[in-house]
Undergrad: 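One structure is given below, represented as structure tokens, and several questions about it will come after.
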Amino acid sequence: MEKITGNLQKESIQYMEFAKNVGKIVSIQGIIHRIREMTDFAFVILRTSRDVVQCIYSPKFSNYQLDEKVQEGCSVTVTGLVVQDQTREGRYELQIHNIAILSQPAEPLPLVINKKQIDNIALDLYLNMRSVVLRNPKERAVFKLQEGIARGFREYLLKQNFTEIRTPKIVFAGAEGGANIFKLDYFGKQVFLAQSPQFYKQMMIPIYERVFEIAPVFRAEHHDTSRHLNEYISMDLEMGFINSFYDIMEIETGALKYIFELLNHEYKNELELLNVQMPNIESIPTIKFMDAKDIIIHKFKKKITDFKDFDPEEEQLLGKWAKKEFDSDFLFVTHYPSEKRPFYAMDDQNNPAYTCSFDLLFRGIEITTGGQRIHDYHSQVAKMQARGMQVAEFESYLMLHKYGVPPHGGLGLGLERITMHLLGFKNVRYASLFPRDLHRVTP
RNA sequence: GGCCCGAUAGUUCAGUUGGUUAGAACGCCAGCCUGUCACGCUGGAGGUCGACGGUUCGAGCCCGUUUCGGGUCGCCA
């Protein structure tokens, strides 16, 4: 009987380890990405989890016949001699001694995935063939970078003494109410898919002081646009004992700096493949909502009808303004009108028509909404009553305030949106591994 | 959902005023090429022009219906 120890010892090595194995015989595993046949030898390009490795087939040193069985798409173990690349400084290649075929494709690929980039195919087809498309090194780099963003968020917050939590996605009441919530049958009872972890993360404040969650949220909005998904990943945080909502903005700025540094250090390959223009982020400029409206009116000569929120064009203009004025890709807008913010938002003491809240714009698009929450029980109940809400329905949530919670606040950051704007995508679907929208539930 | 636009080879597209056998690029297949790296060269295969109906001697092209898709607005992360 074999004993399982949990320590998988792979006999094959990664491309990273080639440098210290020059002159040695090693094995590497991967999928044949491309075969370029020359007169009496061939380049066999192997695709591994993060690299593309050049292997050389030649009857001079190969004990294996390069026949029709060795084809693109085969999963293989290649054994051979590690040598320096003859034409590329600092690169290594493998002189093939043997190839063991582990698996063969049944059919050729429907798309060309072994060029520098995928042909410009229709979005619909692109998403239908997602698992094929992602085999292309440039395509898969998108979600490796997305991993880096989420990982940076997590690592930074853990260092700041945040606790990572998991909240339910099947809920009995929606956080913000409204019609844009998915209904679900739950053993004969009507329940909903969570639109936000808002209530749960607040409930954790008296317990852990600082919490965060990276998880999907669901919005049943009938919006058919290039920047909406019906399921997206929300990176949420909530922190207690704050002096003001500016503390939350400090944490977010710190997290973003950490994320971009992490990408620069550990995701160089991917940044290069995707030719990413990294934002510079020392400090993020801040402007009040009404001052921002003022700039739109006076600097950009735009007529404004809605003084409660920005439309997409206004956000674009503010993005341009922040770039020109401060050379910043980011802009915090604070003090949004109370009317447009949820019932748990804390109003500004000096001017209750506005809230202690903020949005973060990245290159002219909103990626975060955050703010300070009401912590006093009586104030919270009063605001809910003023809005005509049924206070009794929120009994379990209001236990938070009733039994005492420190001043606190938090934010939510859309993972697909930040990915989208970092990479300059025109459609958020490119930043979602398997997007869910009005028309798409497969793959 | 409203408005605008589109559907032609595996993929991206071109197709003139309605007129012979519907073209190109990439991919695929065959052959050639001592080091390519979006390799190169030569040749070949590949089409129910989304579907249904109509006008016409004749429809990829004009008209109607329908299906699928794209853009945009409402809303928001």
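Below, chain A is the first sequence line, B the second, and so on; all start at residue 1. Only heavy atoms go into these numbers, but all of them, side chains included; no hydrogens, no water, no symmetry mates.
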Undergrad: Would you give a per-nucleotide map of nucleotides 1-11 of chain B, 5' to 3', where B means the base has a protein non-hydrogen atom under 4.0 Å away, S means only the sugar-phosphate does, and - means neither?
TA: B--------SS
Undergrad: Identify all stems in which RNA chain B takes part, counting only runs of at least 3 consecutive pairs (Watson-Crick or G-U wobble, each distance under 3.5 Å), and give each as one range with another, ordered by first number.
TA: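 As far as RNA chain B goes, consecutive pairing (with distances under 3.5 Å) yields the stems B:1-7 with B:67-73, B:10-13 with B:23-26, B:28-32 with B:40-44, B:50-54 with B:62-66.
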Undergrad: Among the nucleotides B:G70, B:U36, B:C76, which one has an atom lying closest to any side-chain atom of A:M38?
TA: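 Looking only at heavy atoms from C-beta outward on A:M38, the closest nucleotide is B:U36.
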Undergrad: When you compare B:U17 with B:G58, how far apart are their P atoms, in angstrom units rounded to a whole number?
TA: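 One P to the other, the span is 22 Å.
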Undergrad: Where the side chain of A:D309 is concerned, which of B:C28, B:G70, B:C76 is the nearest nucleotide?
TA: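 Of the options given, the side chain of A:D309 lies nearest B:C76.
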Undergrad: Ignoring hydrogens and geometry beyond distance, is the side chain of A:E93 in donor-acceptor contact with the base of B:G35 at under 3.5 Å?
TA: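 Under the 3.5 Å cut-off, the side chain and the base do form a donor-acceptor pair.
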Undergrad: Determine the sole option in A:L123, A:L423, A:T419 for which the side-chain contact (heavy atoms from CB on, under 4.5 Å) test with A:Y430 is passed.
TA: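 Exactly one option meets the side-chain contact (heavy atoms from CB on, under 4.5 Å) with A:Y430, and it is A:L123.
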Undergrad: Examine B:C26: is either OP1 or OP2 under 4.0 Å from a nitrogen or oxygen in the side chain of A:K115? Give yes or no.
TA: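 A:K115 to B:C26 OP1/OP2: no side-chain N or O under 4.0 Å.
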Undergrad: Does A:K288 NZ have over 12 foreign heavy atoms under 6.0 Å away?
TA: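 Check fails, neighbour count at 12 or below.
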Undergrad: Would you measure the distance from the C1' atom in B:G15 across to the matching atom in B:G47 and give it in whole Å?
TA: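 Straight-line distance between the two C1' atoms is 14 Å.
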Undergrad: Verify the contact: side-chain N or O of A:T39 to OP1 or OP2 of B:U34, cut-off strictly under 4.0 Å; return yes or no.
TA: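 Yes, because at least one side-chain N or O of A:T39 sits under 4.0 Å from OP1 or OP2 of B:U34.
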Undergrad: Looking at the side chain of A:R219, which of B:G35, B:A38, B:A77 is the nearest nucleotide?
TA: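 So the side chain of A:R219 is nearest to B:A77.
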Undergrad: More than 12 foreign heavy atoms under 6.0 Å from CD of A:Q104: is that the case here?
TA: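 Counting neighbours around CD of A:Q104, more than 12 heavy atoms of other residues, nucleotides or ligands fall under 6.0 Å, so yes.
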Undergrad: Report the distance from atom CG of A:D85 to atom P of B:U36, rounded to the nearest whole Å.
TA: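 Taking atom P of B:U36 as the reference, CG of A:D85 is at 10 Å.
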Undergrad: Is atom OH of A:Y258 surrounded by more than 12 heavy atoms (other residues, nucleotides or ligands) closer than 6.0 Å?
TA: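 More than 12 within 6.0 Å, yes.
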Undergrad: For residues A:Y57 and A:P59, report the shortest heavy-atom separation together with the two atoms involved.
TA: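 Shortest heavy-atom separation between A:Y57 and A:P59 comes out as CE2-CD, 4.1 Å.
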Undergrad: Under 3.5 Å, is there a donor-acceptor pair linking the side chains of A:K183 and A:Q190?
TA: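 Per modelled atom types, A:K183 and A:Q190 side chains form no pair under 3.5 Å.
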Undergrad: Using a 4.0 Å heavy-atom cut-off across all strands, classify A:R34 as base, sugar-phosphate, or nothing.
TA: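 Counting heavy atoms under 4.0 Å across all strands, the contact made by A:R34 is with sugar-phosphate only.
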Undergrad: Quick one: label A:T369 by what it contacts on the DNA or RNA (base, sugar-phosphate, nothing), any heavy atom closer than 4.0 Å.
TA: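 Counting heavy atoms under 4.0 Å across all strands, the contact made by A:T369 is with sugar-phosphate only.
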Undergrad: Which nucleotide in the list B:A77, B:G35, B:G70 gets nearest to the side chain of A:D124?
TA: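 It is B:G70.
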Undergrad: Using only modelled atom types and a 3.5 angstrom limit, is any donor from either the side chain of A:R36 or the base of B:C33 paired with an acceptor on the other?
TA: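 Not at all, since no donor on one side and acceptor on the other fall under 3.5 Å apart.
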Undergrad: Pick the P atom in B:G64 and in B:C73, then give their distance to the nearest Å.
TA: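 Here B:G64 and B:C73 have their P atoms 29 Å from each other.
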Undergrad: Do A:F43 and the base of B:G35 stack face to face, with centres under 5.5 Å apart and an angle between planes under 30°?
TA: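 Answer is no, no stack.
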Undergrad: On RNA chain B, compare the nucleotides closest to A:L360 and A:D40; which residue's is nearer the 5' end?
TA: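 Comparing both residues, the 5'-ward one is A:D40.
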Undergrad: Could you work out the separation of B:A45 and B:C26 based on their C1' atoms and round it to a whole Å?
TA: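 It works out to 16 Å between them.
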Undergrad: Consider only side-chain N and O atoms of A:R417 and A:Y232, and report whether a donor and an acceptor are under 3.5 Å apart.
TA: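 Their side chains do not contain a donor-acceptor pair, so the 3.5 Å distance test is not met.
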Undergrad: What is the nucleic acid contact for A:N427, judged by heavy atoms within less than 4.0 Å: base, sugar-phosphate only, or nothing?
TA: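 If one applies the 4.0 Å heavy-atom cut-off, A:N427 turns out to touch the sugar-phosphate alone, with no base involved.
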Undergrad: If we ignore angles and hydrogens, is there a donor and acceptor under 3.5 Å between the side chains of A:T355 and A:S338?
TA: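 On atom types as modelled, these side chains do not qualify, holding no pair under 3.5 Å.
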Undergrad: Does either side chain, that of A:R135 or that of A:N114, offer a donor lying less than 3.5 Å from an acceptor on the other one?
TA: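 There is no such pair (donor and acceptor under 3.5 Å, judged by atom type) between the side chains of A:R135 and A:N114.
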Undergrad: Base, sugar-phosphate or nothing for A:N114? Non-hydrogen atoms, less than 4.0 Å.
TA: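 It contacts nothing in the nucleic acid.
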